Asker: 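Once you've had a glance at the structure underneath, I'll fire off some questions.
Because the structure is a prediction, the values reported are computed rather than measured.
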Amino acid sequence: MTHNHPEASDAERGPEARLSRLEAQVGTLAEAVRALAHGLENIPSKDVPPEEAARGARLAHELLLSQGL
């Protein structure tokens, strides 16, 4: 994953830097959504084990925190 740069330096570097930052944020959000979905993807007629759902939520949260989102 790409680390975010401070907003001030993105503004100084121009639109390309802002676009790169937005792309990285969207990628991180997509990974977080995949982690949540994976934790909840069992057959609808069966209960989702709480540890699987919690693991997916924890991973999604860690991904967002790692990118400052």
Asker: Got a sec, which residues hit side-chain contact (heavy atoms from CB on, under 4.5 Å) with Leu19, two or more places apart in sequence or on another chain?
Answerer: Glu23

Asker: Can you give me the closest heavy-atom contact between Ala60 and Ala32, atom names plus distance?
Answerer: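 Shortest heavy-atom contact: CB-O, 3.5 Å.
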
Asker: Looking at CZ of Arg58 and CG of Leu36, how far apart are the two atoms once the value is rounded to the nearest 0.5 Å?
Answerer: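 These two atoms lie 12.0 Å from each other.
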
Asker: How many angstroms lie between atom CZ of Arg21 and atom CD of Gln67, to the nearest 0.5 angstrom?
Answerer: 10.0 Å

Asker: Indicate the atoms forming the closest heavy-atom contact of Leu63 with Ala35, along with that distance.
Answerer: CD1-CB, 4.5 Å

Asker: Tell me, with the steps shown, if Glu51 and Arg55 meet side-chain contact (heavy atoms from CB on, under 4.5 Å).
Answerer: CA-CA 6 Å; Glu51 60 275 0; Arg55 182 180 176 280; over 6 Å; no

